[in-house]
Amino acid sequence: MFRIRFHGRGGQGMKTASRILGSAFFLEGYETQDAPRYGAERRGAPMFAYVRAAKTTIFERGIILRPDLVVVADESLLLLQSAGVLADLAEHSLLLISSSHSPEELQKKLGMVRPLLTLSMPVPKDIFTSHPPQSSACAAAAAQLLGLSLQSVRQALHMELSGLSDEKMAENEETANSAFLQMEPHRGRVGEQPETGSVSEDRPSWIILPFEDARISSPAIHGEATSLLMDTGSWRSLKPFIHKEQCSRCDLCHTYCPEGAISFDNDGYPCIDYKHCKGCLICLVQCPLHAIEAVQEDGSFHNNKQGDDQCDNS
Amino acid sequence: MRQLLTGNGAAAWGMRLAGAEYVPAFPITPQTEIIETISGWISSGELDARMVTMDSEHSMLTAAGTAAATGVRVFTATSSQGLLYAMEMLYTVAGWRAPFVLVNVSRALSSPITLEPDHNDVLAARDSGFLQIHCSTCQEVVDSLLLAYRLGEDERVRLPVIVNLDGYYLSFTREPVILPGEDVVSRFLPPYDPEETQFRAKDPLSQGVAVLGGSHYSYFRYETHYASQNGLSVFAEIGREFGDLTGRFYSLLEEYRTDDAEIVFFMIGSFATKAKEAVNRLRDAGQKVGLLRPRLLRPFPEHAIAAALRGVKGVAVVDQNISFGKGGILFAELASALYHIKERPLALVSFIGGLGGRDISNAEFYEMARVTAEAAQSGKIPPPRLLYTKEELARIQGLKAIASAGLHKEQ
Ligand code: SF4
Ligand code: SF4
């Protein structure tokens, strides 16, 4: 059986990627199972999707342990423990990471010795598209590594992206082609693994759950403003950047921000709390003067503020 | 033609193939995709049906029951808290004896709130009068929709039916599905003829009337019980007929490698396919293990179950639910079905697992088989066991330490 996991953020199209790959397998005569797992069900929040494919009926269900291939839509996910990219990897698990770095650079950056491949892809033309070409690229690259044909990938694209405009479809096909080509030197590198281990597998470490009284065992969180501890800034793949020189201090962005992440500096200019700005870009859409620009997130979301000087009252 | 469909997609297709004409709707994760799919078909003109979005699941079930009483074929769907919110009307409309189909996409109940499945939601409807069909694959979802209409509409039954599929594990999971052709459907499921039970403006009738004193009440309630029980033979009959038409036969029970089995897993829903995987591995290792999965939970096929377990030494009952203060619900149901059977299995061992969608690993299935075999051999039956590991306890303790940090600060 082949077991593939896709990791991405809500909105990056990894569910679609899993479906394209699932359909490509299916077209080549495999029994197939694909499914997404949403975390916070929000744009930008980490999510994953998985694909199983085999020549016989698939009885396994649910999350994939010991994946053969892990496709990562965005390298910043590797820095987020909650995204679980590195969870339950086996020795043979191969990582394919969408990144502009070379594999060696990325290994160095992440301090990782595990073998990995990187996939570079163009920045999408339309950042608000509901079918970002990342899905096609990630699926096509995975298909190449798994030894599937480009023809199946193209047919799968048409099945999964029906309803796209011709122009969008062409963009997706182009991205898929070039991703498929990029992985050519590694064609078939991910092989089929035998069925799950034998009954001599380690026994589960079951324990008898102890009784604890309601002060301890009720699902409550004590303390105030606990949601501030939730680093929703890590959900961002695009970052709103305010160009002060274009801003009229009209207040609209602040009014519409669903996270309350926009406050004002001493001069009345808006500034963004990047620890909690989740990158929904509602502010960008609302700004009447187009003073807000979306820039690619570079993974430095731990920095509290963009240009802290903009927010000198904090 | 085989195609990849999610469980939700399969449920929508089941509604479409069955020719349901009226769909009262209210969204809830993980059921929403069913409603979205149907409404997409209606707005594109592919499907001729009437969808009405309601203000709650309570109204939704009221609308479903009243529409069904007029003889229209009705479809609706919900999940989890939505099912609970509709519960008053579930009991009420079942008593009207007007058949329709309600899909429940299982999702564990609050509190704490979660999204993934277990069966406490659908089991809360166990005694409502709705029949219950439980699916373990997406193929079964679409087929069960057709079976459900035929079953509920049969004059020996005339009760609404719940078709249950697990959230995530089926609802969002695509797998190969064969859609029954129009020819099959038109032969298997002809248009519903409600005869004189139909409510029409020109033939006024009062439905669900008041009966005081208990005696008359007893009559109506026990008649409903009979109608539900009739569902067993009707299902067996139509499951065969469906098989003759499609090659996919549906009996009351799925018996997987039980023929010479000494140890049997007993469970419902999609996690049962995980058990099959474990059964295959255990069989590879020479162990006589099988799986028994009731498709119908109401009516409960107790005679069929007792017959299927003849000669079996031990049963590992895997309950993906918990009745607080009692334990696994399937365990109690199974025990009551076997009590008077002479050659009943020596050991029934109760396992609670998969609550809130917690995974059950292969290793855990192997261990359940081992513990059950040991119990059957020694005659010493272990107490019910929650599938829960040392590592899980450590993780929740870590989280609780964070969650109570504020508390300790004040002290
Ligand atoms: S992108 Fe803009 S609107 Fe959205 S959370 Fe960030 S600051 Fe607020
Ligand atoms: S909406 Fe635009 S112009 Fe108005 S305050 Fe925000 S950034 Fe400035």
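Below, chain A is the first sequence line, B the second, and so on; all start at residue 1. When reading the values below, keep in mind they use all heavy atoms of this one structure, side chains included, and skip hydrogens, waters and symmetry mates.
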Worked verdict on Arg61(A) versus Asp359(B) for side-chain contact (heavy atoms from CB on, under 4.5 Å): CA-CA 9 Å; Arg61(A) 285 192 182 284; Asp359(B) 196 26; over 6 Å; no

Side chain to side chain donor-acceptor pair (under 3.5 Å) between Ser23(A) and Arg174(B), intermediate numbers included: CA-CA 10 Å; Ser23(A) 286; Arg174(B) 287 202 317 173; 3.2 Å; yes

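Residue Ser361(B) does not touch chain A at all, counting heavy-atom pairs closer than 4.5 Å. Only the backbone of Ala220(A) comes within less than 4.5 Å of a heavy atom of chain B; no side-chain atom from C-beta onward does. For a residue to count as touching a neighbouring chain, one of its non-hydrogen atoms must lie under 4.5 Å from one of that chain's; by this rule Lys400(B) touches chain A with the side chain only. Within the 4.5 angstrom heavy-atom criterion, only side-chain atoms of Leu115(B), from C-beta onward, approach chain A. Neither the backbone nor the side chain of Ile58(A) has a heavy atom closer than 4.5 Å to any heavy atom of chain B. With a 4.5 angstrom heavy-atom cutoff, Leu229(A) does not touch chain B via any of its atoms. Heavy-atom distances place no part of Arg52(A) under 4.5 Å from chain B, backbone and side chain included. Only the side chain of Glu212(A) has a heavy atom closer than 4.5 Å to any heavy atom of chain B. Looking at Leu387(B), both its backbone and its side chain come within 4.5 Å of chain A, counting heavy atoms on both sides. Only the side chain of Thr29(B) comes within contact range of chain A, with at least one heavy atom under 4.5 Å from a heavy atom of that chain.
Applying the salt bridge (charged side-chain N to carboxylate O under 4.0 Å, His left out) rule to Glu367(B) yields the partners Arg203(A), Arg370(B); only residues at least two apart in sequence or on another chain are considered. Residues passing the side chain to side chain contact (heavy atoms under 4.5 Å, CB included) test with Leu209(A) are Leu386(B), Tyr388(B), Leu393(B), sequence neighbours excluded.
To the nearest 0.5 angstrom, Ile216(A) atom CD1 is 12.0 Å from Ile396(B) atom CD1. Here the CZ-CH2 distance, from Phe351(B) to Trp206(A), works out to 5.0 Å after rounding to the nearest 0.5 Å.
Closest non-hydrogen pair, Pro204(A) versus Ala363(B), comes out as CD-O, 3.7 Å. Minimum heavy-atom separation, Gln3(B) to Phe26(A): CA-CE2, 4.0 Å.
Comparing Thr173(B), Asp284(B), Ile360(B), Ile402(B) by how many heavy-atom pairs each has under 4.5 Å with chain A, the most go to Thr173(B). When each of Glu392(B), Glu116(B), Gln287(B) is scored by its heavy-atom pairs under 4.5 Å with chain A, the top score falls to Glu116(B).
More than 12 heavy atoms of other shown residues, nucleotides or ligands fall within 6.0 angstrom of atom CZ in Arg2(B). For Glu224(A), the CD atom is loosely surrounded, since the number of other residues' heavy atoms within 6.0 Å does not exceed 12. Residue-environment remark: CD (Gln377(B)) stays at or below the threshold of 12 foreign heavy atoms within 6.0 Å. Counting heavy-atom neighbours within 6.0 Å of Glu391(B) CD, excluding the residue itself, gives a total above 12. Atom NZ of Lys55(A) has more than 12 heavy atoms from other residues, nucleotides or ligands within 6.0 Å. Around the CD1 atom of Ile221(A), the shell of radius 6.0 Å holds no more than 12 heavy atoms that belong to other residues, nucleotides or ligands. Shown here is Asp202(A), whose CG atom has no more than 12 heavy atoms of other residues, nucleotides or ligands within 6.0 Å.
In this structure, the side chain of Lys390(B) does not engage the main chain of Ile207(A) through any donor-acceptor pair within 3.5 Å.
Using a 4.5 Å heavy-atom cut-off against chain B, the contacting residues of residues 30-38 of chain A are Glu31(A), Thr32(A), Gln33(A), Asp34(A), Ala35(A), Pro36(A), Arg37(A), Tyr38(A). Against chain A, the residues from residues 30-37 of chain B that qualify, each with a non-hydrogen atom under 4.5 angstrom away, are Glu33(B) in number order.
No side-chain N or O of Arg215(A) forms a donor-acceptor pair with one of Ser404(B) less than 3.5 Å apart.
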